[in-house]
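What follows is a single structure, written as structure tokens, with notes after it.
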Amino acid sequence: MADATPQHSPLHDRHEALGAKFSEFGGWLMPLEYPTGVVKEHTSVREGVGIFDVSHLGKLVVRGPGAVEFLNSTLSNDLHRIGPGKAQYSLVVDDETGGIIDDVFTYYRDDEHVLVVPNASNNEEVRRRLVAAAPEGVDVVDHHRDYVVLAIQGTKSDEVVASVGLPVGHDYLTFAETPWEAGDADPDPDALVIVCRTGYTGERGYELIAPSAIAPALWDALMASGAEHGLVPAGLGARDTLRTEMGYPLHGQDISASITPNEARLGWAVGWKKPAFWGRDKLLAEREAGPRRKLVGLVSTGRAIPRPHMSVRLLRDVPLGEVTSGTFSPTLRKGIALALVATSVNDEAEVMVDVRGRPEVFQITKPPFVQPSVRES
């Protein structure tokens, strides 16, 4: 029987010392919130700066001659749209069903070296599929526990990242690699930190991918130097409210193996002109025929707070679909949701959500619900 004990981040003791409440997520025990609370953590990111430990995310290194060409024939997006030093959002699609096995970020280091970051719970399945398809000479190596991922997000993220000697100011979806070591010691050339202009909050920010061996020192340095900029540690609770305000999908809720990119309105992450990628034929046929369902945003017209799996209806007896993600928006002070509904529903319609037995009115709205700042120069 497999060991069901949740894995811990290399920074687990730091979170304990800060009084974090923990929750299991994707097989990892990660901070859900700190004593500051979800709403204050959320607001700190929107108005200042927050730091998230998201080391539960997977890390797969694909290496060898033709690594980029191999990945381009499997993942949905077109790696030829980018190049070395750039990152790209993409999907792992099932070849038979067209469902989304996972959504990933790819970090294009060079033609023979790409870092793929899947979701925690799907890391092994993505690895398995890539290993099974990899040609001779291309290796797929799992480094899940070898690196931490820290997300510094918010309007003051540049100041915090720069304060520990890391590069800032590069364009959205680009990254820099640099050696880093705390204190007065000479930098270790092998302790490279990837500093990428990415994030899951909709705010300007950076994600740092660093060797686990330097994680405690890097965390301590960021917390110490970030204090003057109001840096607040934030957990997965605030991460969820922030990403929902942006309409960013969460795998296992808004996208899954039973939901296609067409249904999730993620066609922009598909390289439709590529000759081959997993699920291509299925997705092209579905796009031609038109998907049966679509992912939409909902905003409460009253005080109702939606939750996943609540029924979405046109009338009390006419089901349209269901809520996939729902929460209270600290920014809007309203209930918001993502929902998968029939494509026949007008994109500006009012619908009813069954909130614990009460029909509550919601307005269909195209996300994001809050104006993003992620692409700020």
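These values consider heavy atoms only, across backbone and side chains, with no hydrogens, waters or symmetry-generated copies.
In this structure, His309 places its NE2 atom where only 12 or fewer heavy-atom neighbours from other residues, nucleotides or ligands lie under 6.0 Å away. By the 6.0 Å contact criterion, CZ on Arg356 is open, its count of non-hydrogen atoms from other residues, nucleotides or ligands being 12 or less.
Between Arg128 and Glu124 there is no salt bridge, since no side-chain nitrogen of the basic residue lies less than 4.0 Å from a carboxylate oxygen of the acidic one. Using a cutoff of 4.0 Å between basic side-chain nitrogens and carboxylate oxygens, Arg265 and Asp347 are scored as salt-bridged. A salt bridge links Asp220 with Arg14: the distance from a Lys NZ or Arg NE/NH1/NH2 to an Asp or Glu carboxylate oxygen falls below 4.0 Å. The existence of a salt bridge linking Arg239 and Asp53 is excluded, since no basic side-chain nitrogen approaches an acidic carboxylate oxygen closer than 4.0 Å. With respect to the salt-bridge test (charged N to carboxylate O, under 4.0 angstrom), the residues Glu203 and Arg46 qualify. Ion pairing of Asp146 with Lys59 is absent here, as no side-chain N (NZ or NE/NH1/NH2) approaches a carboxylate O to less than 4.0 Å. Looking at Asp110 and Arg63, no side-chain N of the basic residue comes within less than 4.0 Å of a carboxylate O on the acidic one, giving no salt bridge.
Interatomic distance, CG of Asn77 versus CD of Gln88, reported as 3.5 Å (0.5 Å rounding). Distance check, rounded to the nearest 0.5 Å: CH2 of Trp180 to CG of Leu208 gives 10.0 Å. Atom OG of Ser9 is separated from atom CD of Gln7 by 10.5 Å, given to the nearest 0.5 angstrom. Note that the CE atom of Met246 and the OG atom of Ser373 stand 7.5 Å from one another [nearest 0.5 Å]. Going from atom CG of Leu115 over to atom CZ of Arg109 covers 6.5 Å, rounded to the nearest 0.5 Å. Considering NZ of Lys86 and CG of Leu79, their distance stands at 12.5 Å, rounded to 0.5 Å.
Judged purely by atom type and a 3.5 angstrom limit, Asn123 has no side-chain atom pairing as donor or acceptor with the backbone of His144. Glu41 contributes a side-chain N or O that, together with a main-chain N or O of Tyr34, makes up a donor-acceptor pair within less than 3.5 Å. Although no hydrogens or angles enter the test, the distance criterion places no donor-acceptor pair under 3.5 Å between the side chain of Ser44 and the main chain of Gly50. Here the side chain of Ser256 pairs no donor or acceptor atom with the backbone of Gln253 at under 3.5 angstrom. Checked by atom type and distance alone, the side chain of His8 never pairs as donor or acceptor with a backbone atom of Met30 at under 3.5 Å. Ser325 places no side-chain N or O within donor-acceptor distance of the main-chain N or O of Ala339, the cut-off being under 3.5 Å. Looking at Lys366, its side chain never comes within 3.5 Å of a backbone N or O of Val296 through a donor-acceptor pair. Ser76 places a side-chain N or O within donor-acceptor distance of the main-chain N or O of Leu91, the cut-off being under 3.5 Å. Asp78 places a side-chain N or O within 3.5 Å of a backbone atom of His80 that can act as its donor or acceptor partner. Side-chain atoms of Gln153 come within 3.5 Å of backbone N or O of Thr198 as a donor-acceptor pair.
A side-chain donor from one of Thr331 and His42 sits under 3.5 Å from a side-chain acceptor of the other. No side-chain donor-acceptor contact under 3.5 Å links Glu322 and Ser311. Under the 3.5 Å distance criterion, with hydrogens and angles disregarded, no donor-acceptor pair is assigned to the side chains of Thr301 and Glu350. The closest side-chain donor-acceptor pair between His113 and Tyr108, if any, does not fall under 3.5 angstrom.
When Val117, Val61, Val114 are each tested for a side chain to side chain contact (heavy atoms under 4.5 Å, CB included) with Tyr107, only one passes: Val117. The residue from Phe22, Trp28, Phe25 that alone fulfils the ring-ring contact (aromatic ring centres under 6.0 Å, His included) condition with His56 is Phe25. Residue Asp94 is tested with Arg280, Lys282, Arg129 for a salt bridge (charged side-chain N to carboxylate O under 4.0 Å, His left out); the sole match is Arg129.
Of all heavy-atom pairs between Lys294 and Thr343, the closest is NZ-O, 3.5 Å. Nearest heavy-atom pair, Ser225 versus Val164, reported as atom, atom and distance to 0.1 Å: OG-CG1, 3.3 Å. Between Pro118 and Leu60, the closest heavy-atom pair is CG-CD1, 3.8 Å. Here the closest heavy-atom approach between residue Ala238 and residue Ala234 is recorded as CB-CB, 4.4 Å. Counting all heavy atoms, side chain and backbone alike, Pro330 lies closest to Thr241 at CD-CB, 4.2 Å. Considering all non-hydrogen atoms of both residues, Pro308 and Gly326 come closest at CD-N, 4.0 Å.
Ser157 is not listed as a side-chain neighbour of Val160, based on a closest heavy-atom distance of 4.5 Å or more. Two residues are said to be in side-chain contact when any heavy atoms from C-beta on lie closer than 4.5 Å; Ile214 and Val193 meet this criterion. Two residues are said to be in side-chain contact when any heavy atoms from C-beta on lie closer than 4.5 Å; Val318 and Arg313 fail this criterion.
A perpendicular orientation is assigned to the rings of Tyr89 and Phe105, their planes being inclined by more than 60° (bins at 30° and 60°).
Two different hydrophobic clusters hold Ile336 and Met352 under the rule that ILVMFWY side chains link at heavy-atom gaps under 4.5 Å.
When ring centroids are compared, Tyr206 and His170 come within the 6.0 Å threshold.
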